[in-house]
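Below is one structure; the comments refer to it alone.
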Amino acid sequence: MKTKYVIRQLVEKALFIKKLTPEIESEINSELTAMGYISDVDYEALELLMAEMDAGRIQLVPSI
């Protein structure tokens, strides 16, 4: 059974490892496609991820 805020959990994973991997990005995209909408909680998590990437604290990497 999937938990409610999957995208938020994926963002937490990226924040924890300080990397946005293609796998995490793909999972986020898959969730967005499957749901067809984004919850406020997930939207805020994605905003945080983008802010952290803009600040250079999260790196986009090719793979782990």
Side-chain angles (χ1 to χ4, degrees):
M1 182 170 123
K2 287 191 170 191
T3 59
K4 193 169 181 179
Y5 301 112
V6 176
I7 293 171
R8 179 174 172 243
Q9 292 175 340
L10 291 166
V11 169
E12 287 175 356
K13 182 177 178 181
L15 293 174
F16 180 75
I17 64 172
K18 299 190 184 307
K19 293 176 174 66
L20 178 60
T21 65
E23 294 81 12
I24 294 173
E25 187 175 12
S26 177
E27 288 180 55
I28 289 172
N29 289 334
S30 293
E31 281 300 315
L32 287 170
T33 301
M35 292 186 321
Y37 70 97
I38 185 167
S39 70
D40 289 341
V41 171
D42 287 337
Y43 184 82
E44 289 174 6
L46 288 174
E47 280 187 322
L48 175 61
L49 179 62
M50 294 300 107
E52 292 295 301
M53 290 180 72
D54 288 345
R57 291 184 285 265
I58 302 295
Q59 301 298 315
L60 181 61
V61 297
S63 186
I64 289 185

#### Entry: Note, Leu60 side chain near Glu25 side chain (heavy atom, < 4.5 Å)
yes
### Message
I'd like to check the side-chain contact (heavy atoms from CB on, under 4.5 Å) partners of Gln59; sequence neighbours left out, ordered by chain and number.
### Response
Val61
### Query
Between atom NZ of Lys13 and atom CD of Glu23, what is the distance when rounded to the nearest 0.5 Å?
8.0 Å
### Summary
Taken to the nearest 0.5 Å, the spacing of Glu12 CD from Leu49 CG works out to 11.5 Å
### For Lys18 against Arg57, the heavy-atom pair lying closest together
CB-O, 3.9 Å
### Task
Mind listing the closest non-hydrogen atom pair of Ala14 and Ile58 along with its distance?
O-CD1, 3.8 Å
### Task
Any chance you could measure Leu46, atom CG, to Ile28, atom CD1, to the nearest 0.5 Å?
5.5 Å
### Query
What are the two closest heavy atoms between Pro22 and Pro62, and how far apart are they?
CG-O, 2.6 Å
For residues 38-45, tabulate all N or O donor-acceptor pairs below 3.5 Å that involve a side-chain atom, not counting sequence neighbours.
residue : atom : partner : partner atom : Å
Ser39   : OG   : Asp42   : N            : 3.1
Ser39   : OG   : Asp42   : OD2          : 3.3
Asp42   : OD1  : Arg8    : N            : 3.0

## Note on the structure
For Leu10 and Ile24, the nearest pair of non-hydrogen atoms, with its separation, is O-CG2, 3.8 Å
### Message
To the nearest 0.5 Å, what is the distance between CD on Glu52 and CG on Leu15?
### Response
6.0 Å
### Message
Looking at every heavy atom in both Met35 and Ile7, which two are closest together, and how far apart are they?
### Response
CE-CD1, 3.7 Å
